2 protein chains.
Amino acid sequence: METHMKKTDSEAFERPILTVDVVLLTIHEGRLQVALSKRGADPFKGREALVGGFIHVGEDRDAEACAARVLKEKAGLREVYIEQLATFSGADRDPRGWSASIAYIALVPFERLKPAVGEGVALVPVDETRGLPFDHDRILTEALRRVRGKGAYSTLPTQLLGKTFTMSALLEVYETVMGVRLDQSSFRRKFAELDLIEEAGEERKPGRRPATVYRLKGKVSTFDRKL
Amino acid sequence: METHMKKTDSEAFERPILTVDVVLLTIHEGRLQVALSKRGADPFKGREALVGGFIHVGEDRDAEACAARVLKEKAGLREVYIEQLATFSGADRDPRGWSASIAYIALVPFERLKPAVGEGVALVPVDETRGLPFDHDRILTEALRRVRGKGAYSTLPTQLLGKTFTMSALLEVYETVMGVRLDQSSFRRKFAELDLIEEAGEERKPGRRPATVYRLKGKVSTFDRKL
DNA sequence: CCAAAAGTGTTCTTCGTACACCCATGT
DNA sequence: ACATGGGTGTACGAAGAACACTTTTGG
């Protein structure tokens, strides 16, 4: 434990550990699931935990870039939707000492995550995780609160689908994320009125009426009206 | 620039600088103002900046405790409302190197901040600050976005008033924070219906009808309805 | 009686919710 | 023709916004 104390520099304090943790979420088999990876190093070695890692000062432009790098290295993902959740800190959360972890939420369609499942990450339904190391239980809880709360007021859940999707698929995702039933009719109307999506073709499945395929207009955005 | 590289420890990376910055807000002369303090040390020495400081690993239980300590040391404040905003990080935001700052928002009634004004902190209307050091302009912008956005859906703005207050005072604070005019009638009704405040006496001023004084019931809370 | 702030009531419109109904397809 | 999911229309109530009005005080 080095202390960095050089009396010539009045502000040379011991620097805490700084890491990034990512709550990587996807929907699989109709359930919201979180990607966990087995820890390879000492504290809690061998236990499943949120994907994360140390900031690489030389490599990462900022913490979000670090989160992106972690996702690429551990789950083979590129250009995933990422947003900062909060920073969790304290003297006790890591046995190695005072630490802070900048937590991010990432959403990805299952198809893109599939190759990594088994090869580095395991998928666990969010309501079946228990006893994660560090304060990862709390981080996950906060992430779910955010995602569920923001769901009804933003296009965030679209990030769990591919670039295009049908209305039914979209509805299903919103229902899964928020854990409630939504009225199909109102759902369609609101998405249309808010001008959030645009048509992008048709989907034909045997035995069914063809469905319009949509694409998100612009980036993930927030709005006032509730879905 | 020490590197902490001990080849025996596979995860001993260079630790970035970790600080806390507080966007301390109050209302004075009918305007939302932010407390700035003159920097005493080298990067940007002498310039006005958000109040902040290094994490003291031995002293601070966690980052929020660090923010509380900073508020006490620089503005003489205790038991102020604090909430985490976000963490701002990157290789370029601090000339000393890769750094992260955990930013907090603090709200305090002007009366409590008054003693410190001139003695350590300066008050500046939020729309008149420019060219703050580091990325403090951005932090302030984000803080304002949060406070304004959350305003209509929470009792957060009450923290800018003393323990008790009249409806008019409360209305004024909400209007100042959010920068809009609100209908007095609807405002009263909603606060009553949401059961957020309770009566706490009367206020008598010369030439005016006596006003009921209220007190917040419970902690700061969020709700669905808009004010 | 008047000014000024405190406090109440009413109306209009928007939006959330529920639900009934029609459409297009492959078998 | 019918089962299945795709898609539209309507009706009702709760909540937001605007505004008119009454009450209480000191001068």
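Predicted, not measured: the structure shown is a model, and the values here were computed from it. Naming: A, B, ... by sequence-line order, numbering from 1 per chain.
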> Could you go through B:V173 and B:T158, starting from their C-alpha distance and side-chain angles, then the distance that decides it, and tell me whether this counts as side-chain contact (heavy atoms from CB on, under 4.5 Å)?
CA-CA 8 Å; B:V173 167; B:T158 59; over 6 Å; no

> From CZ of A:R188 over to P of D:dT8, roughly how many Å is that when rounded to an integer?
7 Å

> Whole Å only: how far is the CZ atom of B:R208 from the C1' atom of C:dG7?
14 Å

> Between P on C:dG16 and CG on A:D183, what's the gap in Å once rounded to a whole number?
12 Å

> Mind listing the residues from residues 148-179 of chain A sitting with a heavy atom below 4.0 Å of DNA chain C? Number order is fine.
none

> Quick one: on DNA chain C, does A:K205 or B:T212 contact a more 5' nucleotide (nearest heavy atom)?
B:T212

> Would you sort out whether B:Y81 and B:E83 count as a side chain to side chain donor-acceptor pair (under 3.5 Å), showing the intermediate values?
CA-CA 7 Å; B:Y81 177 82; B:E83 79 174 42; 2.6 Å; yes

> List the steps and the verdict of side-chain contact (heavy atoms from CB on, under 4.5 Å) for A:V22 and A:L50.
CA-CA 6 Å; A:V22 183; A:L50 295 178; over 6 Å; no

> On DNA chain D, nearest-nucleotide positions of B:K226 versus B:Q184: which is more 5'?
B:K226

> Could you tell me if B:D21 and B:S101 have a donor-acceptor pair between their side chains, going purely by distance under 3.5 Å?
yes

> Select one nucleotide: of C:dG16, D:dT25, C:dT25, the one nearest the side-chain heavy atoms of A:R225.
C:dG16

> Can you tell me the distance, in whole Å, between the CZ atom of A:R209 and the P atom of C:dT25?
8 Å

> What is the separation between atom CZ on A:F187 and atom C1' on C:dT17, rounded to the nearest whole Å?
15 Å

> Checking ring pair (Phe, Tyr, Trp, His ring centres under 6.0 Å) against B:F191, which of B:F165, B:Y174, B:Y214 comes through?
B:Y174

> Distance alone, cut at 3.5 Å: any donor-acceptor contact between the side chains of A:T176 and A:R31?
no

> Rounded to the nearest Å, what distance is computed from the CG atom of residue B:L227 to the P atom of nucleotide D:dA15?
13 Å

> At under 4.0 Å, does any side-chain N or O of A:S185 touch on OP1 or OP2 of C:dT17?
no

> How close do A:Y104 and A:E64 get, heavy atom to heavy atom, and via which atoms?
OH-N, 3.3 Å

> Taking CZ from B:R189 and P from D:dG16, how many angstroms apart are they, rounded to a whole number?
9 Å

> Measure from CG on A:L194 to P on C:dG16 and round the result to the nearest Å.
8 Å

